[in-house]
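Encoded as structure tokens, the structure appears first; notes follow it.
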Amino acid sequence: MPELPEVETIRSDLALRFIGLRLEMLKILGERTIRRNKTNLEEVGPELLGRQLSDAKRYGKYLILELSGSQIGEISYLVVHLGMSGRFVLQLPEMPNGRDHTKMHVRFSEEDLYLWDPRTFGEVFLETGLDDLGRPMTLSKRLGIDPYLYPHNVAGALGEVAVRSSRAIKAVLLDQKVIAGLGNIYSDEVLFRSRVSPSFPVSALDKRGIERVAEAVVEVVNKAVVLRGSSLKDKSYMDLSGRPGSYQSEHLVYGRYSKACMVCGEDIDRVLIAGRYSSFCSICQQGADRWDYS
DNA sequence: AACTCCCCCTGGATGC
DNA sequence: TGCATCCAGGGGGAGT
């Protein structure tokens, strides 16, 4: 399930391989993939042919392909969210049951690129502009701080929530309006590393606690980007060439429910927050006050 | 207004 | 073995 580090890995691979090339084909194969259809991709699509990929950007979990226009200043953005199971691949994977989950087929200067998405949670739409932070304009109000682009603003964003909300810190980390890019994997890892229980109310964190969590967000995200993301058994994330990332070997709590905590040996517990299970260690993770026990 | 919950979907894991 | 059921998760919208 691609979160910020996986999308960033895909972004940099795409940038290396495709920037400067011209779009020769844009074929949408899944109706659900363009369900928002913000700027009627089916109609506008043909107008994009011949344009050059001038940049590959990312904000949160959104991948933003910048297509320069034929007229000066004319730019369009093909925005892609990979959802749960979306992958960009150079070669289509083989399915044992023979099903084809290709949702988009693009070709840049004779090089094919496919969006492969079995669970169809992914989506593609066209955008005419980005805001001052680099967010697709129509998503401006829905996305908070990207911790990879703006590491120094994470503590501020969390602090702002803390003064007006008593939501569980885990729910806050998952909320894209606060921090854009974290999903279940990285938010669990962040909370273990900052030694805060997932159900701890954000309002009960003091300044140091907030800073601890913010530092862990930046640390975990940066390390995961270096290691090219996390690939799980379900293979829902593989890079452009079909290779796995390696941050999964750094996971200390995610996917380790009922296994022994790597730090204290206690069984990893889990709790349902905002409809998702959080794995955590009830000994190592309590309030922020416990953070310097190591 | 702020927040939670349900739904969309499929493949893999688990249960009987 | 094979079938049925469960589970995972992001985001949007309905509901509280």
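Note on naming: letters A, B, ... go to the chains in the order of the sequence lines (proteins, then strands), and numbering restarts at 1 for each one. Heavy atoms only: backbone and side chains are in, while hydrogens, waters and symmetry mates are out.
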Pair Glu123(A), Arg32(A) - check salt bridge (charged side-chain N to carboxylate O under 4.0 Å, His left out), show working.
CA-CA 8 Å; Glu123(A) 66 174 297; Arg32(A) 193 171 132 80; over 6 Å; no
In chain order, what residues pass the ring-ring contact (aromatic ring centres under 6.0 Å, His included) check against Phe192(A), with sequence neighbours excluded?
none
What about Leu113(A) and Leu67(A), same hydrophobic cluster or not, with Ile/Leu/Val/Met/Phe/Trp/Tyr joined at side-chain heavy-atom distances under 4.5 Å?
yes
Can you tell me which nucleotide in dC9(B), dG9(C), dG11(B) comes closest to the side chain of Thr120(A)?
dC9(B)
Nucleotide by nucleotide, nucleotides 1-6 of chain B touches protein heavy atoms under 4.0 Å in the pattern (B base, S sugar-phosphate only, - none) --SS--
Contact under 4.0 Å: Gln176(A) side-chain N or O vs dG11(C) OP1/OP2:
yes
Looking only at side-chain atoms of Asn184(A), point me to the closest of dG11(B), dG10(C), dG11(C).
dG10(C)
Could you work out which one of dC9(B), dG9(C), dG13(C) sits closest to the side chain of Arg32(A)?
dC9(B)
For Arg135(A), the option from Leu130(A), Leu143(A), Leu149(A) that meets side chain to side chain contact (heavy atoms under 4.5 Å, CB included)
Leu143(A)
Not counting sequence neighbours, list each pair that qualifies as a salt bridge (charged side-chain N to carboxylate O under 4.0 Å, His left out) and has a residue in residues 244-260 of chain A.
Lys223(A)-Glu250(A)
Looking at dG10(C), I'd like to know if its phosphate oxygens (OP1 or OP2) sit under 4.0 Å from a side-chain N or O belonging to His81(A).
no
Report the C-alpha separation of Arg208(A) and Asp206(A) in whole Å, then their side-chain angles, then the decisive distance to 0.1 Å, and conclude whether the salt bridge (charged side-chain N to carboxylate O under 4.0 Å, His left out) test is met.
CA-CA 5 Å; Arg208(A) 270 197 14 217; Asp206(A) 61 11; 5.6 Å; no
Calculate the interatomic distance between Tyr257(A) atom OH and dT14(B) atom P; express it in whole Å.
14 Å
Testing dA8(C), dG9(C), dG11(B) for proximity to the side chain of Met84(A), the answer is dG9(C)
Which nucleotide in the set dG9(C), dG11(B), dG10(C) lies at the smallest distance from any side-chain heavy atom of Arg119(A)?
dG9(C)
Return no unless some side-chain N or O of His101(A) is found under 4.0 Å from OP1 or OP2 of dC9(B).
no
